[in-house]
Amino acid sequence: VARLFEKVKFERANREYVTFTGTYRGLPISVMATGIGCDNTEIAVIEILQLVRRPTLIRIGSSGGIGKGIKLGDLVISEGAVRLENTSTFFAPEGYPAVASFEVVLALVEAAESLGVEYHLGLTATAPGFYGAQGRTVPGLPAPRFPGLAKELERINVANLEMETSALLTLASLAGVRAGAICAVYAERRHNRFITSDVKDKAEMKCVLCGLGALEVLARMDRAKSAARSRWWRPSLQIPPAT
């Protein structure tokens, strides 16, 4: 992501947290690698909230496709997340919804449409682990408690499965900041198929460009809101053209 910046003003690495702050098409942006899982995401989000006043947070990542018609290399824009993890339950009860900001969802859709990429809107399930927590059978270990997890998620119309989004969305809602997620599909869980390296690289870049493009759209939305003295963007507010 940082290679796409016009300028990198700051970079820092501490354990798995690798951060670059710079500008992308004139916008001040930081990109951070957080490692894997909701526990790492919790640390990143909380510390960002201590440093930045009302940040907009977009997860760009990978996932396994669950829903019918979702193919390897496609993108999934999260409207909300099923909280299979428990990191966020230490902040909010299990029934608390993990919902993406509608402005971020619309901005991601606009970016995906402008790039002409294949994308889907839907619910994301966030697991607390990669193997047993996602229903995978592992040689040398007992069968997972919920081997039919992927089929159950498909039954309730979940689009994809990953390990970070519900913590991000829950914490963002609690803090009153905008957040969303867009993930590339690296596995078709319905057919146990996995992406090849050439398709993976292209899917990853599509995901990155959509995330950065959404930040551009959000900046234009914010200018329209400011001109109209409106707290929220709405369809009657025209978005200024891209510069």
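For clarity, every value in this text was computed on a predicted model and none was experimentally measured. Reckoned from all heavy atoms, side chains included, excluding hydrogens, waters and symmetry mates.
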Legend entry - Which residues share a salt bridge (charged side-chain N to carboxylate O under 4.0 Å, His left out) with Asp39, sequence neighbours left out: none

Minimum side-chain heavy-atom gap [X]-[Y] below 4.5 Å:
X	Y	answer
Ile66	Arg190	no
Asp74	His120	yes
Asn157	Leu123	no
Ser63	Val185	yes
Arg59	Cys183	yes
Met221	Leu106	yes
Phe91	Glu42	yes
Ile43	Tyr17	yes

Nearest 0.5 Å, what's the [atom1]-[atom2] distance between [X] and [Y]?
X	Y	atom1	atom2	value
Arg54	Leu49	CZ	CG	10.5 Å
Asp222	Ser230	CG	OG	10.5 Å
Leu108	Leu75	CG	CG	9.5 Å
Glu85	Thr170	CD	OG1	6.5 Å

Inset, instruction - Compute whether any side-chain donor of one residue and acceptor of the other, for Glu11 and Thr19, lie under 3.5 angstrom apart. - result: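 No, no side-chain donor-acceptor contact under 3.5 Å.
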
Inset, instruction - Decide whether Leu215 and Phe5 are clustered together by the hydrophobic rule: side chain heavy atoms of Ile, Leu, Val, Met, Phe, Trp, Tyr closer than 4.5 Å, transitively. - result: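 Shared cluster, yes.
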
Legend entry - Glu152 with Arg155: basic N within carboxylate O range, under 4.0 Å: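 So Glu152 pairs with Arg155 through a salt bridge.
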
Legend entry - NZ/NE/NH1/NH2 to OD/OE distance under 4.0 Å, Lys225 and Glu103: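 The answer is yes: the pair qualifies as a salt bridge.
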
Inset, instruction - Begin with the C-alpha distance, continue with both residues' side-chain angles, and end with the deciding distance and a verdict on side chain to side chain contact (heavy atoms under 4.5 Å, CB included) for Cys210 and Tyr119. - result: CA-CA 10 Å; Cys210 281; Tyr119 72 95; over 6 Å; no

Inset, instruction - Would you please test Val45 and Thr34 for side chain to side chain contact (heavy atoms under 4.5 Å, CB included) and show each step? - result: CA-CA 9 Å; Val45 172; Thr34 63; over 6 Å; no

Legend entry - side chain to side chain contact (heavy atoms under 4.5 Å, CB included) evaluation trace for Val1 with Tyr24: CA-CA 10 Å; Val1 176; Tyr24 176 77; over 6 Å; no

Has [X] got more than 12 heavy atoms of other residues, nucleotides or ligands less than 6.0 Å from its [atom1]?
X	atom1	value
Phe102	CZ	yes
Lys9	NZ	no
Leu115	CG	yes

Inset, instruction - Have a look at Ser78 and tell me which of Thr124, Asn160, Thr165 forms a side chain to side chain donor-acceptor pair (under 3.5 Å) with it. - result: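 The residue from Thr124, Asn160, Thr165 that satisfies side chain to side chain donor-acceptor pair (under 3.5 Å) with Ser78 turns out to be Thr124.
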
